Amino acid sequence: LISAWTQTPTKWYPLPLAVGALLLVMIQYRKKVARAEKEVHVDHEGQEIIKLKGPWQVHVLGALPLRNMSRVWGYMNSVELPIWIRPYGFRLYAYVFGCNLEEIEPSDLTQYASLGDFFYRKLKAGARPVDNAVIVSPADGTVLHFGTVENLRVEQVKGITYSLDALLGVERFDPGSPTSPTSTVVEFPPAGDMSVVNDREFANVNGIEYSLDQLLGASTPSTPGSMTPTLERSNSDSDIASDIPKKHGAQIDASVEQEGSLQETLAHDASVAQEMGVRPALGEHKRSTSGTSVKEGNALYFTVIYLAPGDYHRFHSPTAWVVEKRRHFVGELFSVSPYMAKRLQNLFVLNERVALLGRWRYGFFGMVPVGATNVGSIKVNFDAALRTNVRGRPPPPGTYTEAVYSAASPLLNGQPLTPAQEMGGFCLG
Amino acid sequence: STIVLVFEAPKSFEFAVKAGQKVKVGNRLGDV
(Lines give C-alpha, C1' and ligand atoms only; values in the text may rest on other atoms or scores of the structure.)
Protein backbone atom coordinates (compact mmCIF):
# COMPACT_ATOMS: atom_id res chain seq x y z
CA LEU A 1 0.00 0.00 0.00
CA ILE A 2 2.88 2.36 0.93
CA SER A 3 4.80 1.57 -2.24
CA ALA A 4 1.66 1.97 -4.37
CA TRP A 5 1.01 5.30 -2.60
CA THR A 6 4.58 6.57 -3.07
CA GLN A 7 5.48 5.15 -6.45
CA THR A 8 2.28 5.70 -8.43
CA PRO A 9 3.00 8.70 -10.73
CA THR A 10 0.54 11.64 -10.46
CA LYS A 11 -0.90 12.77 -13.81
CA TRP A 12 -2.67 16.16 -14.07
CA TYR A 13 -5.58 16.65 -16.56
CA PRO A 14 -7.38 19.96 -17.33
CA LEU A 15 -11.00 19.67 -16.03
CA PRO A 16 -13.39 20.30 -18.97
CA LEU A 17 -15.04 23.72 -18.56
CA ALA A 18 -18.51 22.19 -18.78
CA VAL A 19 -18.09 20.39 -15.46
CA GLY A 20 -17.25 23.67 -13.74
CA ALA A 21 -20.16 25.43 -15.36
CA LEU A 22 -22.48 22.59 -14.34
CA LEU A 23 -21.25 22.90 -10.79
CA LEU A 24 -22.03 26.62 -10.75
CA VAL A 25 -25.52 26.01 -12.15
CA MET A 26 -26.15 23.40 -9.44
CA ILE A 27 -25.04 25.80 -6.67
CA GLN A 28 -27.25 28.61 -8.07
CA TYR A 29 -30.23 26.27 -8.34
CA ARG A 30 -29.88 25.09 -4.74
CA LYS A 31 -29.62 28.70 -3.54
CA LYS A 32 -32.77 29.63 -5.53
CA VAL A 33 -34.74 26.67 -4.12
CA ALA A 34 -33.64 27.49 -0.57
CA ARG A 35 -34.73 31.12 -1.06
CA ALA A 36 -38.08 30.02 -2.53
CA GLU A 37 -38.66 27.83 0.51
CA LYS A 38 -38.24 30.82 2.79
CA GLU A 39 -40.39 33.19 0.72
CA VAL A 40 -43.94 33.73 1.91
CA HIS A 41 -46.36 34.93 -0.80
CA VAL A 42 -49.43 36.78 0.45
CA ASP A 43 -52.69 37.59 -1.31
CA HIS A 44 -54.23 41.07 -1.52
CA GLU A 45 -55.68 40.62 1.96
CA GLY A 46 -52.32 39.85 3.46
CA GLN A 47 -53.15 36.20 3.99
CA GLU A 48 -50.35 33.78 3.16
CA ILE A 49 -50.91 31.87 -0.10
CA ILE A 50 -50.33 28.21 0.75
CA LYS A 51 -48.17 26.48 -1.88
CA LEU A 52 -46.59 23.07 -2.20
CA LYS A 53 -42.98 23.51 -1.05
CA GLY A 54 -40.33 20.92 -0.46
CA PRO A 55 -37.81 18.59 -2.18
CA TRP A 56 -38.66 16.90 -5.49
CA GLN A 57 -40.23 13.88 -3.71
CA VAL A 58 -42.96 16.18 -2.43
CA HIS A 59 -43.75 17.48 -5.92
CA VAL A 60 -43.89 13.94 -7.29
CA LEU A 61 -46.40 13.04 -4.55
CA GLY A 62 -48.33 16.24 -5.24
CA ALA A 63 -48.80 15.16 -8.84
CA LEU A 64 -50.46 11.87 -7.82
CA PRO A 65 -54.28 11.59 -7.55
CA LEU A 66 -54.00 11.12 -3.78
CA ARG A 67 -57.69 11.69 -3.04
CA ASN A 68 -58.87 9.16 -5.62
CA MET A 69 -56.27 6.67 -4.37
CA SER A 70 -57.56 7.22 -0.84
CA ARG A 71 -61.14 6.57 -1.89
CA VAL A 72 -60.19 3.38 -3.76
CA TRP A 73 -58.26 2.27 -0.66
CA GLY A 74 -61.32 2.96 1.47
CA TYR A 75 -63.61 1.09 -0.91
CA MET A 76 -61.30 -1.94 -0.92
CA ASN A 77 -61.25 -1.98 2.89
CA SER A 78 -65.01 -1.76 3.18
CA VAL A 79 -65.46 -5.02 1.24
CA GLU A 80 -66.99 -7.63 3.57
CA LEU A 81 -64.54 -10.48 4.30
CA PRO A 82 -65.55 -14.15 4.57
CA ILE A 83 -65.96 -15.00 8.27
CA TRP A 84 -63.35 -17.81 8.28
CA ILE A 85 -60.57 -15.47 7.02
CA ARG A 86 -61.19 -12.62 9.49
CA PRO A 87 -59.24 -13.94 12.54
CA TYR A 88 -56.20 -14.79 10.40
CA GLY A 89 -56.31 -11.55 8.43
CA PHE A 90 -56.75 -9.28 11.45
CA ARG A 91 -54.10 -11.16 13.47
CA LEU A 92 -51.67 -10.68 10.59
CA TYR A 93 -52.55 -6.95 10.43
CA ALA A 94 -52.13 -6.71 14.23
CA TYR A 95 -48.77 -8.48 14.04
CA VAL A 96 -47.47 -6.26 11.20
CA PHE A 97 -48.68 -2.98 12.72
CA GLY A 98 -48.37 -3.83 16.39
CA CYS A 99 -52.03 -3.67 17.46
CA ASN A 100 -52.90 -4.92 20.96
CA LEU A 101 -55.81 -7.35 20.44
CA GLU A 102 -56.28 -7.88 24.20
CA GLU A 103 -57.88 -4.47 24.74
CA ILE A 104 -60.30 -4.29 21.78
CA GLU A 105 -64.07 -4.57 22.12
CA PRO A 106 -65.50 -6.88 20.84
CA SER A 107 -62.51 -9.19 21.13
CA ASP A 108 -64.08 -11.78 18.79
CA LEU A 109 -62.35 -10.97 15.47
CA THR A 110 -65.09 -12.59 13.38
CA GLN A 111 -67.36 -9.71 14.38
CA TYR A 112 -65.44 -7.22 12.27
CA ALA A 113 -66.93 -7.43 8.76
CA SER A 114 -64.06 -5.65 7.01
CA LEU A 115 -60.63 -4.16 7.63
CA GLY A 116 -62.29 -0.75 7.74
CA ASP A 117 -64.45 -2.00 10.64
CA PHE A 118 -61.43 -3.41 12.42
CA PHE A 119 -59.52 -0.16 11.87
CA TYR A 120 -62.34 1.78 13.57
CA ARG A 121 -62.44 -0.63 16.52
CA LYS A 122 -63.42 0.34 20.06
CA LEU A 123 -61.53 -0.31 23.26
CA LYS A 124 -62.72 -2.17 26.34
CA ALA A 125 -64.07 0.10 29.10
CA GLY A 126 -61.23 1.10 31.42
CA ALA A 127 -58.57 0.30 28.83
CA ARG A 128 -57.34 3.89 29.06
CA PRO A 129 -57.13 5.38 32.58
CA VAL A 130 -57.47 9.19 32.42
CA ASP A 131 -54.85 11.33 34.14
CA ASN A 132 -56.17 14.26 36.20
CA ALA A 133 -53.99 16.81 34.33
CA VAL A 134 -55.66 19.81 32.63
CA ILE A 135 -54.75 18.37 29.21
CA VAL A 136 -54.61 14.69 28.40
CA SER A 137 -53.77 12.95 25.16
CA PRO A 138 -56.76 12.85 22.77
CA ALA A 139 -55.47 9.74 20.97
CA ASP A 140 -53.00 6.89 20.92
CA GLY A 141 -49.92 7.86 18.96
CA THR A 142 -46.56 9.61 19.00
CA VAL A 143 -45.97 13.21 20.06
CA LEU A 144 -44.49 14.67 16.87
CA HIS A 145 -43.92 18.15 18.17
CA PHE A 146 -45.16 20.65 20.76
CA GLY A 147 -44.40 24.16 21.95
CA THR A 148 -45.72 27.71 22.03
CA VAL A 149 -47.19 29.57 19.07
CA GLU A 150 -44.98 32.58 18.31
CA ASN A 151 -46.31 35.36 16.02
CA LEU A 152 -49.21 33.10 14.99
CA ARG A 153 -46.75 30.65 13.41
CA VAL A 154 -46.81 27.00 14.46
CA GLU A 155 -43.61 24.98 14.22
CA GLN A 156 -44.27 21.82 12.17
CA VAL A 157 -40.82 20.41 12.96
CA LYS A 158 -37.61 22.19 13.82
CA GLY A 159 -37.13 24.99 11.31
CA ILE A 160 -40.40 24.54 9.39
CA THR A 161 -43.39 26.67 10.45
CA TYR A 162 -46.87 27.27 9.07
CA SER A 163 -49.45 29.95 9.68
CA LEU A 164 -51.96 29.37 12.47
CA ASP A 165 -54.56 31.36 10.54
CA ALA A 166 -54.08 28.97 7.62
CA LEU A 167 -54.59 25.99 9.94
CA LEU A 168 -57.72 27.26 11.69
CA GLY A 169 -59.14 29.53 9.01
CA VAL A 170 -59.80 33.23 9.30
CA GLU A 171 -63.37 34.45 9.33
CA ARG A 172 -63.92 37.11 6.67
CA PHE A 173 -67.24 38.84 6.48
CA ASP A 174 -66.75 40.63 3.15
CA PRO A 175 -68.41 38.30 0.67
CA GLY A 176 -66.96 40.33 -2.19
CA SER A 177 -63.46 39.03 -1.77
CA PRO A 178 -62.95 36.15 -4.21
CA THR A 179 -60.98 34.18 -1.67
CA SER A 180 -63.46 34.58 1.14
CA PRO A 181 -64.17 31.05 2.32
CA THR A 182 -67.53 29.62 1.39
CA SER A 183 -68.47 29.12 4.98
CA THR A 184 -71.89 27.60 4.98
CA VAL A 185 -73.31 27.69 8.42
CA VAL A 186 -75.34 24.60 9.16
CA GLU A 187 -77.35 24.42 12.36
CA PHE A 188 -77.98 21.22 14.26
CA PRO A 189 -80.96 20.18 16.35
CA PRO A 190 -80.00 19.98 20.04
CA ALA A 191 -77.82 16.89 20.19
CA GLY A 192 -76.35 16.66 23.63
CA ASP A 193 -78.50 15.87 26.68
CA MET A 194 -77.03 18.96 28.24
CA SER A 195 -79.22 20.08 31.12
CA VAL A 196 -78.58 22.42 33.97
CA VAL A 197 -78.78 20.31 37.11
CA ASN A 198 -79.41 22.75 39.92
CA ASP A 199 -78.40 26.07 41.35
CA ARG A 200 -74.94 24.79 42.35
CA GLU A 201 -73.80 25.91 38.89
CA PHE A 202 -73.55 22.32 37.77
CA ALA A 203 -74.11 21.08 34.27
CA ASN A 204 -75.00 17.52 33.54
CA VAL A 205 -73.05 16.40 30.47
CA ASN A 206 -74.03 12.93 29.33
CA GLY A 207 -74.71 11.84 32.86
CA ILE A 208 -71.55 13.31 34.38
CA GLU A 209 -71.89 16.40 36.61
CA TYR A 210 -69.45 19.18 35.85
CA SER A 211 -69.33 22.56 37.49
CA LEU A 212 -69.50 25.32 34.92
CA ASP A 213 -66.18 26.52 36.25
CA GLN A 214 -64.71 23.17 35.30
CA LEU A 215 -66.28 23.37 31.88
CA LEU A 216 -65.63 27.02 31.18
CA GLY A 217 -63.32 28.26 33.87
CA ALA A 218 -64.08 30.93 36.41
CA SER A 219 -62.80 33.78 34.25
CA THR A 220 -64.40 35.05 31.09
CA PRO A 221 -62.36 33.44 28.35
CA SER A 222 -61.24 35.52 25.45
CA THR A 223 -60.28 34.47 22.00
CA PRO A 224 -57.20 35.40 20.04
CA GLY A 225 -58.55 37.86 17.56
CA SER A 226 -57.16 37.14 14.13
CA MET A 227 -57.62 33.42 14.53
CA THR A 228 -61.13 32.74 15.34
CA PRO A 229 -63.47 35.58 15.93
CA THR A 230 -65.88 33.57 17.98
CA LEU A 231 -69.52 33.21 17.49
CA GLU A 232 -71.26 36.46 18.15
CA ARG A 233 -74.92 35.75 18.43
CA SER A 234 -76.48 38.31 16.12
CA ASN A 235 -79.95 38.07 14.72
CA SER A 236 -78.52 36.73 11.49
CA ASP A 237 -76.93 33.86 13.41
CA SER A 238 -80.07 32.46 14.84
CA ASP A 239 -78.99 29.45 16.76
CA ILE A 240 -82.35 27.93 17.03
CA ALA A 241 -82.94 27.78 13.29
CA SER A 242 -82.80 24.04 12.78
CA ASP A 243 -80.75 22.68 9.90
CA ILE A 244 -81.29 25.62 7.58
CA PRO A 245 -78.01 26.16 5.69
CA LYS A 246 -76.79 29.74 5.70
CA LYS A 247 -73.97 31.40 3.87
CA HIS A 248 -71.85 34.20 5.22
CA GLY A 249 -71.96 37.23 3.03
CA ALA A 250 -75.02 36.47 0.99
CA GLN A 251 -76.69 35.79 4.30
CA ILE A 252 -79.85 33.80 3.69
CA ASP A 253 -81.50 35.40 6.64
CA ALA A 254 -83.25 32.24 7.74
CA SER A 255 -83.51 33.65 11.18
CA VAL A 256 -86.21 36.18 10.40
CA GLU A 257 -89.04 33.72 10.79
CA GLN A 258 -87.12 32.24 13.69
CA GLU A 259 -86.86 35.61 15.37
CA GLY A 260 -89.84 34.90 17.58
CA SER A 261 -88.73 31.47 18.75
CA LEU A 262 -85.12 32.71 19.09
CA GLN A 263 -86.19 35.47 21.48
CA GLU A 264 -88.49 33.09 23.37
CA THR A 265 -85.72 30.51 23.65
CA LEU A 266 -83.14 33.02 24.77
CA ALA A 267 -85.57 34.46 27.29
CA HIS A 268 -86.31 30.94 28.49
CA ASP A 269 -82.57 30.12 28.72
CA ALA A 270 -81.89 33.33 30.58
CA SER A 271 -84.77 32.76 33.02
CA VAL A 272 -83.66 29.16 33.59
CA ALA A 273 -80.11 30.39 34.01
CA GLN A 274 -81.36 33.15 36.33
CA GLU A 275 -83.37 30.68 38.42
CA MET A 276 -80.53 28.25 38.69
CA GLY A 277 -77.95 30.99 39.19
CA VAL A 278 -76.06 29.61 36.18
CA ARG A 279 -74.34 32.01 33.79
CA PRO A 280 -75.98 32.11 30.35
CA ALA A 281 -73.44 31.72 27.58
CA LEU A 282 -74.74 34.91 26.00
CA GLY A 283 -73.86 37.26 28.86
CA GLU A 284 -70.41 36.73 30.27
CA HIS A 285 -69.12 34.50 27.53
CA LYS A 286 -69.90 36.80 24.66
CA ARG A 287 -66.47 37.67 23.27
CA SER A 288 -65.50 40.36 20.90
CA THR A 289 -64.64 39.42 17.37
CA SER A 290 -62.22 42.31 17.24
CA GLY A 291 -58.48 41.78 17.52
CA THR A 292 -58.41 40.68 21.14
CA SER A 293 -55.20 38.72 21.65
CA VAL A 294 -54.78 36.00 24.29
CA LYS A 295 -55.35 37.19 27.82
CA GLU A 296 -52.58 38.82 29.80
CA GLY A 297 -50.46 36.10 31.46
CA ASN A 298 -51.57 33.46 28.94
CA ALA A 299 -49.85 32.06 25.87
CA LEU A 300 -50.89 29.93 22.91
CA TYR A 301 -49.58 26.35 22.90
CA PHE A 302 -49.73 23.57 20.33
CA THR A 303 -49.16 19.83 20.28
CA VAL A 304 -49.06 17.49 17.27
CA ILE A 305 -49.84 13.79 17.75
CA TYR A 306 -49.21 11.33 14.92
CA LEU A 307 -51.35 8.16 14.79
CA ALA A 308 -49.56 5.22 13.14
CA PRO A 309 -51.55 2.68 11.05
CA GLY A 310 -51.66 0.19 13.94
CA ASP A 311 -52.86 2.69 16.55
CA TYR A 312 -56.40 2.85 17.94
CA HIS A 313 -57.95 5.48 15.66
CA ARG A 314 -60.80 7.01 17.64
CA PHE A 315 -60.07 10.36 19.23
CA HIS A 316 -61.27 11.68 22.57
CA SER A 317 -61.64 15.03 24.25
CA PRO A 318 -58.30 16.28 25.66
CA THR A 319 -60.00 18.33 28.39
CA ALA A 320 -63.34 19.72 29.58
CA TRP A 321 -64.26 22.19 26.84
CA VAL A 322 -67.12 23.48 24.69
CA VAL A 323 -66.87 23.08 20.90
CA GLU A 324 -68.56 26.12 19.36
CA LYS A 325 -67.95 25.48 15.68
CA ARG A 326 -66.15 23.38 13.17
CA ARG A 327 -64.44 24.37 9.92
CA HIS A 328 -64.04 21.64 7.34
CA PHE A 329 -61.15 22.28 4.91
CA VAL A 330 -61.32 20.03 1.85
CA GLY A 331 -57.63 19.62 1.05
CA GLU A 332 -55.10 17.18 -0.32
CA LEU A 333 -54.37 13.86 1.37
CA PHE A 334 -50.61 13.71 1.65
CA SER A 335 -49.13 11.17 4.01
CA VAL A 336 -48.60 12.80 7.41
CA SER A 337 -45.83 10.40 8.51
CA PRO A 338 -42.88 11.97 10.37
CA TYR A 339 -40.86 11.50 7.12
CA MET A 340 -43.28 13.81 5.23
CA ALA A 341 -43.71 16.22 8.18
CA LYS A 342 -39.96 16.86 8.00
CA ARG A 343 -40.01 17.56 4.26
CA LEU A 344 -43.35 18.98 3.20
CA GLN A 345 -43.81 22.50 4.51
CA ASN A 346 -47.47 23.50 5.12
CA LEU A 347 -48.39 19.80 5.32
CA PHE A 348 -51.10 20.35 7.95
CA VAL A 349 -52.61 23.31 6.12
CA LEU A 350 -52.61 21.56 2.74
CA ASN A 351 -54.30 18.36 3.95
CA GLU A 352 -58.00 17.75 4.47
CA ARG A 353 -58.86 18.56 8.06
CA VAL A 354 -61.67 19.52 10.47
CA ALA A 355 -60.87 22.42 12.81
CA LEU A 356 -63.01 22.11 15.97
CA LEU A 357 -62.93 25.50 17.67
CA GLY A 358 -64.24 26.45 21.09
CA ARG A 359 -63.21 27.42 24.57
CA TRP A 360 -62.11 25.95 27.87
CA ARG A 361 -61.46 27.34 31.32
CA TYR A 362 -58.38 29.36 30.24
CA GLY A 363 -59.75 30.75 26.96
CA PHE A 364 -59.44 29.56 23.37
CA PHE A 365 -59.24 25.82 22.59
CA GLY A 366 -58.89 24.19 19.16
CA MET A 367 -58.51 20.58 18.06
CA VAL A 368 -57.73 19.75 14.42
CA PRO A 369 -57.89 16.12 13.21
CA VAL A 370 -55.91 16.04 9.92
CA GLY A 371 -56.59 13.31 7.33
CA ALA A 372 -53.94 11.39 5.37
CA THR A 373 -53.80 9.26 2.21
CA ASN A 374 -54.79 5.98 3.87
CA VAL A 375 -57.07 7.62 6.44
CA GLY A 376 -58.96 10.27 4.53
CA SER A 377 -62.24 10.16 6.44
CA ILE A 378 -62.79 12.05 9.67
CA LYS A 379 -65.89 11.38 11.79
CA VAL A 380 -67.20 13.67 14.56
CA ASN A 381 -69.82 11.95 16.73
CA PHE A 382 -71.89 15.09 17.32
CA ASP A 383 -71.76 16.30 13.73
CA ALA A 384 -73.80 13.99 11.53
CA ALA A 385 -73.68 16.44 8.61
CA LEU A 386 -69.88 16.31 8.23
CA ARG A 387 -68.69 14.57 5.05
CA THR A 388 -64.95 14.31 4.37
CA ASN A 389 -62.92 12.88 1.47
CA VAL A 390 -65.77 13.34 -0.99
CA ARG A 391 -65.24 13.13 -4.74
CA GLY A 392 -64.31 16.27 -6.65
CA ARG A 393 -61.45 18.69 -7.08
CA PRO A 394 -60.38 20.32 -3.79
CA PRO A 395 -61.05 24.10 -3.64
CA PRO A 396 -58.08 26.45 -3.11
CA PRO A 397 -56.32 26.00 0.26
CA GLY A 398 -57.92 28.10 3.01
CA THR A 399 -61.51 27.59 1.85
CA TYR A 400 -63.71 25.97 4.45
CA THR A 401 -67.30 25.04 5.24
CA GLU A 402 -68.38 26.07 8.69
CA ALA A 403 -70.96 24.66 11.09
CA VAL A 404 -71.87 25.94 14.53
CA TYR A 405 -72.96 23.74 17.43
CA SER A 406 -74.69 26.41 19.45
CA ALA A 407 -77.99 24.56 19.23
CA ALA A 408 -76.42 21.60 21.06
CA SER A 409 -76.56 23.64 24.26
CA PRO A 410 -77.91 27.19 24.06
CA LEU A 411 -76.63 27.76 27.58
CA LEU A 412 -73.02 26.98 26.76
CA ASN A 413 -73.32 28.05 23.14
CA GLY A 414 -71.73 24.86 21.86
CA GLN A 415 -71.20 21.13 22.33
CA PRO A 416 -69.86 20.49 25.86
CA LEU A 417 -67.27 17.72 26.20
CA THR A 418 -65.71 16.09 29.25
CA PRO A 419 -62.09 14.87 29.48
CA ALA A 420 -61.47 11.66 27.48
CA GLN A 421 -65.05 11.61 26.17
CA GLU A 422 -65.06 9.96 22.74
CA MET A 423 -65.46 12.62 20.02
CA GLY A 424 -65.08 10.69 16.77
CA GLY A 425 -62.32 9.08 14.79
CA PHE A 426 -60.45 8.44 11.54
CA CYS A 427 -61.66 5.86 9.03
CA LEU A 428 -59.80 4.16 6.20
CA GLY A 429 -60.25 5.78 2.78
CA SER B 1 -53.43 10.68 10.53
CA THR B 2 -52.61 13.49 12.92
CA ILE B 3 -54.28 15.59 15.58
CA VAL B 4 -53.13 19.16 16.17
CA LEU B 5 -54.15 20.82 19.45
CA VAL B 6 -53.94 24.62 19.73
CA PHE B 7 -54.98 26.14 23.04
CA GLU B 8 -54.62 29.18 25.24
CA ALA B 9 -53.27 28.51 28.73
CA PRO B 10 -51.50 30.39 31.52
CA LYS B 11 -47.75 30.85 31.03
CA SER B 12 -47.28 28.45 33.95
CA PHE B 13 -48.49 25.62 31.70
CA GLU B 14 -45.83 22.98 31.17
CA PHE B 15 -45.74 20.04 28.80
CA ALA B 16 -45.20 16.67 30.42
CA VAL B 17 -44.09 14.89 27.23
CA LYS B 18 -41.08 14.79 24.91
CA ALA B 19 -41.01 14.83 21.10
CA GLY B 20 -41.08 11.25 19.83
CA GLN B 21 -42.77 9.92 22.99
CA LYS B 22 -45.56 7.34 22.56
CA VAL B 23 -48.82 8.40 24.24
CA LYS B 24 -52.21 6.80 24.79
CA VAL B 25 -55.66 8.31 25.25
CA GLY B 26 -55.86 9.89 28.70
CA ASN B 27 -52.12 10.18 29.30
CA ARG B 28 -50.98 13.48 30.78
CA LEU B 29 -49.86 15.93 28.07
CA GLY B 30 -49.28 18.90 30.33
CA ASP B 31 -50.47 20.79 33.38
CA VAL B 32 -50.50 24.27 34.85
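Note on naming: letters A, B, ... go to the chains in the order of the sequence lines (proteins, then strands), and numbering restarts at 1 for each one. Quick caveat: nothing in here was measured; it's all calculated off a predicted structure.
- Heavy atoms of Leu333(A) lying under 4.5 Å from chain B are absent altogether.
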Check the pair Asn132(A) / Arg28(B) against side chain to side chain contact (heavy atoms under 4.5 Å, CB included), numbers first and verdict last. CA-CA 8 Å; Asn132(A) 67 354; Arg28(B) 167 182 294 246; 3.4 Å; yes
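- Between Val25(B) and Ser137(A) there is no side-chain heavy-atom pair separated by less than 4.5 Å.
- Options Gly30(B), Gly20(B), Ala16(B), Ser12(B) differ in how many heavy-atom pairs under 4.5 Å they form with chain A, and the most are formed by Gly30(B).
- Classification of the Phe7(B)-Tyr301(A) ring pair by plane angle, with boundaries at 30° and 60°, yields parallel.
- At a threshold of 4.5 Å between non-hydrogen side-chain atoms, the residues Asn27(B) and Arg128(A) do not count as touching.
- By the 4.5 Å heavy-atom criterion applied to side chains, Pro138(A) and Leu5(B) are counted as neighbours.
- Ranked by heavy-atom pairs under 4.5 Å with chain B, the first of Val370(A), Val130(A), Val375(A) is Val370(A).
- Two residues are said to be in side-chain contact when any heavy atoms from C-beta on lie closer than 4.5 Å; Val32(B) and Tyr362(A) meet this criterion.
- Of the atoms belonging to Leu144(A), it is backbone heavy atoms, and not side-chain ones, that fall under 4.5 Å from chain B.
- Annotation: maximal heavy-atom pairing with chain B below 4.5 Å, among Gly141(A), Ala372(A), Ala127(A), occurs at Gly141(A).
- Contact tally against chain B (heavy-atom pairs below 4.5 Å) for Phe426(A), Phe302(A), Tyr306(A): the top residue is Phe426(A).
- Contact record, Ala9(B) with Trp360(A): CB-CZ2, 3.9 Å, taken as the closest heavy-atom pair.
- Of the listed residues (Pro309(A), Ala299(A), Pro129(A)), the one with the most heavy-atom contacts under 4.5 Å to chain B is Ala299(A).
- A 4.5 Å side-chain heavy-atom check between Asp31(B) and Asp131(A) finds every atom pair outside the cut-off.
- Summarising the geometry, atom OG1 belonging to Thr142(A) is positioned 3.5 Å from atom NZ belonging to Lys22(B); distances are rounded to the nearest 0.5 Å.
- For the set Leu356(A), Ile305(A), Asn351(A), the entry with the most heavy-atom pairs within less than 4.5 Å of chain B is Ile305(A).
- The heavy-atom pair separating Phe315(A) from Ile3(B) by the smallest distance is CB-CD1, 3.4 Å.
- Lys11(B) NZ to Lys295(A) NZ: the interatomic distance, rounded to the nearest 0.5 Å, is 12.5 Å.
- Remark: Lys24(B) NZ to Asn100(A) CG distance equals 7.0 Å, nearest 0.5 Å.
- Between the CE atom of Met340(A) and the OG1 atom of Thr2(B) there is a distance of 11.5 Å, given to the nearest 0.5 Å.
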For a side chain to side chain contact (heavy atoms under 4.5 Å, CB included) check, start with the C-alpha distance between Thr148(A) and Phe13(B), then their side-chain angles and the critical distance, and finish with the verdict. CA-CA 10 Å; Thr148(A) 49; Phe13(B) 177 85; over 6 Å; no
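- When Val336(A), Leu307(A), Asp311(A) are compared by the number of non-hydrogen pairs under 4.5 Å with chain B, Leu307(A) comes out ahead.
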